[in-house]
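What you see is a predicted model, and the numbers here were worked out from it, not measured in a lab.
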Amino acid sequence: MTVKTLKDLFIHDLSDVYSAEKQITRALPKMARAASDENLVAAFQQHLEETQGQIERLDELIEKTEGIKLKRMKCHALEGLVEEAQEIIDSVEKGEVRDQGLIGAAQKVEHYEIATYGTLHALALKLGLNDAAKLLEETLNEEKNTDVKLTQVADSIS
């Protein structure tokens with residue numbers, strides 16, 4: 001996709017994060033099964049539900065925002081982060097060390113999403129897409145909260 005305008009960039013980043021969210025819905029159940037701490041398992045399961053809601057929110061944004069049509073693309077950044085999580089699952093014995101590694105992998109994903117949703121929110125405001133900006137801000141806040149929850153879980157594992 002050639003990006004020439006702010007709207008092009010907005011559509012590109014929106015398409016990218018849509019792919020990322022879909023990848024996350026496939027990765028979180030694997031991460032939950034690989035975790036041993038019950039609070040971490042619960043956090044991954046809760047985040048899966050939130051992620052499904054975020055995809056629905058993106059669908060709503062696309063449906064209600066004139067001139068927005070997603071491009072078919074794969075989020076390569078998320079693909080790499082998911083591969084890192086899989087490496088932890090494959091190479092670290094189940095227990096506290098794996099759990100901490102999975103939390104780190106999940107927080108890398110959260111930071112990627114926070115950066116992406118922050119950018120999309122700013123672009124939506126610049127483009128005058130105020131309804132889209134509100135939806136994006138809601139997701140941005142959820143991602144920030146998930147990052148905080150993951151830190152709390154990491155601190156509680158002993």
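- Distance check, rounded to the nearest 0.5 Å: OG1 of Thr65 to NZ of Lys7 gives 9.0 Å.
- Nearest heavy atoms, Ala133 versus Leu125: CB-CD2, 3.6 Å.
- Looking only at side-chain heavy atoms (C-beta outward), Lys71 and His12 stay at 4.5 Å or farther from each other.
- Shortest non-hydrogen contact noted between Ala35 and Leu40 is CB-CD2, 3.7 Å.
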Could you walk me through whether Ser36 and Arg98 pass the side chain to side chain contact (heavy atoms under 4.5 Å, CB included) test, one step at a time? CA-CA 8 Å; Ser36 59; Arg98 180 193 280 179; over 6 Å; no
Working note: Thr119 + Leu9, criterion side chain to side chain contact (heavy atoms under 4.5 Å, CB included); need CA distance, chi angles, decisive distance, verdict. CA-CA 10 Å; Thr119 298; Leu9 182 61; 5.7 Å; no
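- In terms of heavy-atom proximity, His47 sits nearest to Thr146 at ND1-OG1, 3.4 Å.
- Judged by distance alone, the side chains of Asn141 and Glu137 never bring a donor and an acceptor atom under 3.5 Å apart.
- Nearest approach of Leu6 to Lys126, heavy atoms of both residues: CD1-CD, 3.9 Å.
- Electrostatic pairing of Glu79 and Lys74 counts as a salt bridge here, judged by a charged N lying under 4.0 Å from a carboxylate O.
- Side-chain N/O atoms of Gln152 and Ser156 include no donor and acceptor closer than 3.5 Å.
- Contact check on Glu142 versus Arg57 returns a salt bridge, with a Lys/Arg side-chain nitrogen under 4.0 Å from an Asp/Glu carboxylate oxygen.
- By the neighbour-count criterion of 12 heavy atoms within 6.0 Å, atom NZ of Lys94 is densely surrounded, having more than that number from other residues, nucleotides or ligands.
- Tyr18 and Ile24 are members of different hydrophobic clusters when ILVMFWY side chains are connected at heavy-atom separations under 4.5 Å.
- Looking at every heavy atom in both residues, Leu120 comes nearest to Leu14 through CD2-N, 3.6 Å.
- Residues Asp13 and Thr116 come closest through the heavy atom pair O-CG2, 4.4 Å.
- Hydrophobic clustering (side-chain heavy atoms under 4.5 Å, transitive across Ile, Leu, Val, Met, Phe, Trp, Tyr) groups Ile114 together with Phe10.
- Between the CD atom of Gln107 and the CG atom of Leu150 there is a distance of 5.0 Å, given to the nearest 0.5 Å.
- Between the Asn39 side chain and the Val153 main chain, no donor and acceptor come within less than 3.5 Å of each other.
- Note: the hydrophobic cluster containing Tyr112 does not contain Ile55 (ILVMFWY, side chain heavy atoms under 4.5 Å, direct or indirect links).
- One finds the CG atom of Asp37 at 7.0 Å from the CD1 atom of Ile103 (value rounded to the nearest 0.5 Å).
- One finds the CG atom of Asp59 at 11.0 Å from the CG atom of Leu135 (value rounded to the nearest 0.5 Å).
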Yes or no on side chain to side chain contact (heavy atoms under 4.5 Å, CB included) for Gln54 and Glu138, after CA distance, side-chain angles and deciding distance? CA-CA 9 Å; Gln54 291 164 355; Glu138 192 175 336; over 6 Å; no
Stepwise side chain to side chain contact (heavy atoms under 4.5 Å, CB included) check, Asn145 with Glu50: CA-CA 11 Å; Asn145 289 335; Glu50 276 184 358; 5.9 Å; no
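- Checked by atom type, the side-chain pair Thr25/Gln52 shows no donor-acceptor distance below 3.5 Å.
- If you take CG on Asp147 and NZ on Lys149, they are separated by 11.5 Å, rounding to the nearest 0.5 Å.
- Under the 4.5 Å side-chain heavy-atom criterion for ILVMFWY residues, a single connected hydrophobic cluster contains both Phe44 and Leu78.
- Cluster membership for Ile89 and Val41, using ILVMFWY side-chain heavy atoms within less than 4.5 angstrom, is not shared.
- To the nearest 0.5 Å, the span separating NZ on Lys144 from OG1 on Thr139 amounts to 12.0 Å.
- When atom types are taken as modelled, the side chain of Thr5 and the backbone of Asp8 share a donor-acceptor pair closer than 3.5 angstrom.
- In this structure, Glu21 contributes its side chain and Thr51 its backbone to no donor-acceptor pair below 3.5 Å.
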